[in-house]
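Here the structure is laid out as structure tokens; the discussion comes afterwards.
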Amino acid sequence: MRHTSPSLSGQPGRSAWLPLQGGLHLARPEMLSAGVLRGTSILLSALGLALMLISLQPYVSTSMVSETGASQGSPVNQYGFLAAGLVFALAMMSLASSKALKSLLTPGLLLLGLLLAYNVAISPDSEQTLRAVILTVIGMFIAFSVIVLPRGEKDFQIALMLALLAALAMSYGGLLVFPDLATHGYDAYEPQHAGLWRGHFSHKNIAGPVMCVIAICGLYLMRSGQALIGFVIFVAGALFVVQTGSKTTSGLFPVAILIVMSATIFGRAAAAILLTLMALATAYLFTIGTLYHPRLSYLVLDFLSDQTFTGRTTLWEFSLSRIMDHPWFGFGLYNFWGTGNVLGLDKPFEAAWDYRYIIHGHNNYLDILLNLGFVGGGLLIWILFIGPMVNYARARRNPGNRKLADMFFMIIVFMSLLSFLETFFLARNDPIWLMHIFAVFGLHLLARFDISAGTPGRPSRRPSTAYG
């Protein structure tokens, strides 16, 4: 959403951006002062992000392999997130810019709504699928509200710092107070994880990626004038990542940072996007590509001492063998792993893992195709991975948005690479999924609005012509 305004800063032809938060028009403005409105917006934004990072049930441990298939969730999460969704929906209608809310009416997101409704309708268990979709949509609402509620970038930074510090305090505090819960104990299915940090998260494979995102947010704060607190958050997040014992997550973390920083070095978003595409192609070759090229598999063995990625290659081979069973619209959302499509099969004695009881295929891209097929999967891949690249290029054209856009794009790059090893798309209130959609919405808004225009002490860059 960019328009040209001849009156902007006296420089003809410069791009003008509508502020993300415009003025509010309350029915009785005398009831709430500007300070109360601002404080309420910051508090709600911080609570929303903290809820995404901490959840309503911290320190609940799970195994990545279970005898009962995928978890169906708990009443605490279901009713708690439903209540939170109502609160944040009301807050957005009352406190957020109507133009920002209307920006969600894009063809991609509207088609995603139709796709979700279609999958609920055709699901063998429509009631269960509907509950899962509702939780997923509520999580998306909360992620969006975290960005649109603050009155400007400064307020967003305050909310971000409060939420990040709360999440770090929860995890590091757990190591001191509840060490048995904050670290992995012995698991018959995963004995190699004993002693590794997981904090308040259910598994180290969740803790590692989320702490990467926290560290990335700390880097943004360091670059945006909050040097000390940003450094503390960055170091605390990065240290936790190392202690989770995940070599791949630890390796992808600096790669994402270096890729996005190239946009600053070369002064062009295209540099970061090109490097992202090259990194994705390389990640494909050294993960799924190893199934077809033995030499690549031996290279992985030399570097990681495990050419199966902890048994993941077995799951990928099985996933690839089943995609063409339902190529166009897939098996249905949440209707492959943990269902009769897999549980009803004979035990695969020749496989490294008994994939009948795996909760997901440990590959976002393959699982998207299994669940939604090439039609629905193509739409979701556009929304989650390709569209954010386009929005990043647009957002970086506004100097006031660049540092925040870099933060969101670092998260997208990291999640894009992590997607070759983990599955988290449309995953209800999973914190990895929520951090991913948080970054997607962030770039969506920065490509259309100027978040710095509403920051106290900064001049507004409101255009002189109306936005359509």
Side-chain angles (χ1 to χ4, degrees), residues 64-65 69-70 108 111-112 114-125 129 132-133 136 277 280-294 296-297 300 307-348 350-387 415-428 430 432-433 436:
M64 297 304 286
V65 184
L111 287 173
L112 177 60
L114 292 176
L115 179 66
L116 295 177
Y118 169 77
N119 274 271
V120 170
I122 67 169
S123 173
D125 189 346
T129 303
V133 167
T136 299
L277 294 175
L280 290 174
T282 303
Y284 170 81
L285 286 175
F286 286 96
T287 53
I288 299 175
T290 61
L291 302 178
Y292 305 102
H293 302 284
L296 293 175
S297 181
V300 172
Q307 62 193 119
T308 70
F309 295 95
T310 322
R312 285 174 172 84
T313 51
T314 297
L315 306 181
W316 301 341
E317 287 177 335
F318 176 66
S319 297
L320 288 166
S321 72
R322 299 300 303 274
I323 287 175
M324 296 309 296
D325 291 351
H326 297 276
W328 298 115
F329 290 96
F331 286 84
L333 189 61
Y334 316 124
N335 195 45
F336 187 72
W337 301 103
T339 71
N341 290 309
V342 181
L343 291 172
L345 300 177
D346 293 333
K347 183 176 181 178
E350 74 287 352
W353 283 13
D354 186 350
Y355 47 69
R356 294 176 303 165
Y357 303 116
I358 299 298
I359 62 176
H360 57 67
H362 286 276
N363 188 295
N364 232 8
Y365 304 108
L366 296 181
D367 277 358
I368 286 173
L369 296 178
L370 277 171
N371 282 261
L372 302 175
F374 291 107
V375 176
L379 172 64
L380 196 62
I381 289 172
W382 169 267
I383 292 172
L384 297 183
F385 302 103
I386 302 174
M415 294 298 182
S416 300
L417 295 172
L418 183 68
S419 289
F420 284 101
L421 298 169
E422 299 295 342
T423 294
F424 47 85
F425 78 100
L426 299 177
R428 304 171 179 86
D430 182 293
I432 303 179
W433 156 247
H436 188 173

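Proximity of Leu320 to Leu366: side-chain heavy atoms (C-beta onward) are separated by under 4.5 Å at one or more points.
Taking the side chain to side chain contact (heavy atoms under 4.5 Å, CB included) definition, one finds that Asn341 meets it with Phe331, Asn335, Phe336, Thr339, sequence neighbours left out. Remark: Thr290 pairs with no residue by the side chain to side chain donor-acceptor pair (under 3.5 Å) rule, at least two apart or across chains. The ring-ring contact (aromatic ring centres under 6.0 Å, His included) test applied to Phe385 returns Tyr365, His436, not counting sequence neighbours. Taking the side chain to side chain donor-acceptor pair (under 3.5 Å) definition, one finds that Ser419 meets it with Asn364, sequence neighbours left out. When the side chain to side chain donor-acceptor pair (under 3.5 Å) test is applied to Asp125, no partner is found at least two apart in sequence or on another chain. Under the ring-ring contact (aromatic ring centres under 6.0 Å, His included) criterion, Tyr284 pairs with no residue, sequence neighbours left out. By the side chain to side chain donor-acceptor pair (under 3.5 Å) test, Ser297 is found to be paired with Gln307, residues two or more places apart in sequence or in another chain being considered.
Judged as a salt bridge (Lys or Arg N to Asp or Glu O under 4.0 Å), the pairs with a partner in residues 308-320 (not counting sequence neighbours) are, in order, Arg312-Glu422. Applying the salt bridge (Lys or Arg N to Asp or Glu O under 4.0 Å) test to residues at least two apart or on different chains, none of the pairs has a partner in residues 332-346.
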query: Yes or no on side-chain contact (heavy atoms from CB on, under 4.5 Å) for Leu333 and Tyr118, after CA distance, side-chain angles and deciding distance?
result: CA-CA 10 Å; Leu333 189 61; Tyr118 169 77; over 6 Å; no
Exercise. Please assess Leu315 against Asn363 for the test side-chain contact (heavy atoms from CB on, under 4.5 Å), listing each intermediate value before the final yes or no.
Key: CA-CA 9 Å; Leu315 306 181; Asn363 188 295; over 6 Å; no
- Message: Using the rule given for ring-ring contact (aromatic ring centres under 6.0 Å, His included), can you reason through Phe420 versus Phe309, listing the C-alpha separation, both sets of side-chain angles and the distance that settles it, and then say yes or no?
- Response: CA-CA 11 Å; Phe420 284 101; Phe309 295 95; over 10 Å; no
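For the atom pair Lys347 NZ and Tyr357 OH, the distance stands at 8.5 Å (nearest 0.5 Å). Atom OG of Ser321 and atom CZ of Phe318 lie 5.5 Å apart (nearest 0.5 Å). A distance of 6.5 Å separates OG1 in Thr313 from CG in Leu291, rounded to the nearest 0.5 Å. Separating the CZ atom in Phe424 from the CG atom in Leu426 is a distance of 11.0 Å, to the nearest 0.5 Å.
Between Trp316 and Ile288, the closest heavy-atom pair is CZ3-N, 4.1 Å. Closest non-hydrogen pair, Asp325 versus Pro327, comes out as C-CD, 3.7 Å. Shortest non-hydrogen contact noted between Gly338 and Leu343 is O-CD1, 3.5 Å. The shortest non-hydrogen separation linking Arg356 to Leu345 is CD-O, 3.2 Å.
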For residues 367-383, which side-chain N or O atoms pair as donor and acceptor with protein atoms under 3.5 Å away, sequence neighbours left out?
from   : atom 1 : to     : atom 2 : distance (Å)
Asp367 : OD1    : Trp337 : NE1    : 2.9
Asp367 : OD2    : Gly361 : N      : 2.8
Asp367 : OD2    : Thr423 : OG1    : 2.7
Asn371 : OD1    : Tyr334 : N      : 2.8
Asn371 : ND2    : Asp367 : O      : 2.8

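In terms of modelled atom types and a separation under 3.5 Å, the side chain of Ser123 and the main chain of Val120 share no donor-acceptor contact.
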